[in-house]
Every structure is written in C-alpha cells, then in structure tokens.
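Because the structure is a prediction, the values reported are computed rather than measured.
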Amino acid sequence: MMPVWEIVLRIIGTIIVPIAGTVLAYLLDSKVAGFARIPKVFRYIILGIIFGGLSICGYYLGANIPYVTVSGDTKYVVFGTTAFAPFISGLIFNWPVPLIAGVIGAIFRGLINVEDVISVAVVVAILFGVAFAIFLRKVVLRSEKPKWYHAAVGAIFVECINKMWN
C-alpha cells in the first residue's frame with residue numbers, strides 16, 4: 001500500500017506534467033521559428049503525439065488509492081489524468097491535435113483492461129472531453145487561441161468533473 005505522501009505527490013505530478021508539456025508544446029508552436037516551417041499536417045501529428053504521450057504519462061504517474069468495499073475487501077482505484085492532455089490540446093490547438101491525442105489516449109487506456117468497466121468509462125470520457133474541447137474552441141472561443149494558463153484552468157475543471165463521474 002502506498003503511503004499518503006506518495007499518493008499526494010503522484011496526484012500533484014499527474015496535474016503538473018501535462019501542464020508542463022502543454023507549456024512546452026505552446027512555446028514550440030509559437031516561438032520556435034523552425035517548427036513553423038513544417039507543413040501543418042506534420043505539425044498537427046507531432047503535437048498530437050506529444051499530447052497523446054502526455055495522456056499516457058497521466059496514467060502511469062497516477063496513484064493507486066486504496067478503499068474498502070462493503071464486503072470488507074480492499075480494492076484500488078487509479079487516480080490518473082488520461083483525459084487532461086487531450087482536452088487541454090483541444091482548447092489550444094486546432095481540431096486534429098486533440099483528435100490524435102484523444103485517439104492515442106483512448107486506445108492506450110482501452111487496451112489496458114478491456115473487461116474493466118472503469119476503463120470503458122475512461123475511454124468514453126476521453127473522447128467526450130476531446131469533442132467538448134473542440135466544441136468550446138469553435139463556438140465559445142470562436143477559433144481564437146487562448147493563453148496556455150486559461151486552457152490549463154479549464155482542463156483542471158473538466159478533469160475534476162471527470163473524476164466525479166468515474
């Protein structure tokens with residue numbers, strides 16, 4: 001069983017790593033001159049793979065939190081943020097980036113344990129988060145690129161709702 005301090009550090013890490021990756025991808029897209037010369041299709045693929053990798057990291061950094069069932073059995077729930085990175089990429093970048101990241105995260109999460117109902121729910125949550133982020137970017141933000149910290153706060157809010165739903 002994990003000590004409480006390790007659970008707290010892992011939960012903090014699952015939030016900080018996707019935000020740090022988002023800042024790096026945001027800076028790569030807006031500040032690196034050589035990256036702007038790459039054709040859009042390849043930039044979207046590169047950024048989608050980066051955010052898909054962050055989605056996978058959000059699972060592996062997650063904490064196994066123990067709980068006791070009514071029958072007295074000790075079970076574990078994994079606190080990971082697999083939907084966080086695809087959602088935040090949907091707010092910052094155009095629709096192909098979150099779609100690629102969401103598909104990578106959903107395939108990875110779905111292949112971990114196909115029979116587990118939680119894994120199926122997380123796959124649905126990832127794909128719904130991607131669709132919701134694309135909708136917010138098009139309708140609410142009117143295709144304007146927000147600052148990375150605005151997107152991070154929105155993604156943290158959606159991830160909290162996601163955790164309550166799971």
**Q.** Atom pair CD1 (Ile46) and CD1 (Ile38), whose distance is rounded to the nearest 0.5 Å
**A.** 4.5 Å
Q: Begin with the C-alpha distance, continue with both residues' side-chain angles, and end with the deciding distance and a verdict on side chain to side chain contact (heavy atoms under 4.5 Å, CB included) for Trp95 and Phe135.
A: CA-CA 9 Å; Trp95 67 269; Phe135 170 78; over 6 Å; no
Q. Within a strict 4.5 Å, meaning less than it, do heavy atoms of the Leu47 and Ser89 side chains meet?
A. no
Q: Would you check if the distance from the ring center of Tyr26 to the ring center of Phe93 is below 6.0 Å?
A: no
Q. Quick one: CG on Leu54 to CD1 on Ile88, what's the gap to the nearest 0.5 Å?
A. 9.5 Å
**Q.** Side chains of Val17 and Leu61 in contact at under 4.5 Å (non-hydrogen atoms)
**A.** yes
Q: Would you give the length of the straight line joining atom CD1 of Ile104 to atom OG1 of Thr82, rounded to the nearest 0.5 angstrom?
A: 13.5 Å
Q. Which value, rounded to the nearest 0.5 Å, describes the distance between Thr14 atom OG1 and Phe84 atom CZ?
A. 8.5 Å
Q: Please examine the side chains of Tyr60 and Phe108, heavy atoms only from C-beta on, and report whether any two atoms are closer than 4.5 Å.
A: yes
Q) Taking atom CD1 of Ile126 and atom CD1 of Ile107, what is their separation to the nearest 0.5 Å? A) 10.5 Å
Q) Sequence neighbours excluded, which residues qualify as ring pair (Phe, Tyr, Trp, His ring centres under 6.0 Å) partners of Phe87? A) none
Q: Could you tell me which residues satisfy ring pair (Phe, Tyr, Trp, His ring centres under 6.0 Å) with Phe132, sequence neighbours excluded, listed by chain and number?
A: none
Q.
Who clusters with Leu24? Use side-chain heavy atoms, under 4.5 angstrom, across I, L, V, M, F, W and Y, and order the result by chain and number.
A. none
Q. Do Val97 and Leu27 belong together in a cluster built from hydrophobic side chains that touch within less than 4.5 Å?
A. yes
**Q.** Steps toward side chain to side chain contact (heavy atoms under 4.5 Å, CB included) verdict (Ile100, Ile45)
**A.** CA-CA 7 Å; Ile100 293 168; Ile45 291 171; 4.1 Å; yes
Q) Is a side-chain N or O of Arg137 found less than 3.5 angstrom from the main chain of Glu144, in a donor-acceptor match? A) yes
Q: Report yes if some heavy atom in the side chain of Arg43 is under 4.5 Å from a heavy atom in the side chain of Phe35; otherwise report no.
A: yes
Q) If every non-hydrogen atom of Pro98 is compared with every non-hydrogen atom of Pro86, which pair is closest and at what distance? A) CB-O, 3.5 Å
Q: Take Thr22 and Ile92, measure what side chain to side chain contact (heavy atoms under 4.5 Å, CB included) needs, and give me the verdict at the end.
A: CA-CA 9 Å; Thr22 300; Ile92 294 177; 3.4 Å; yes
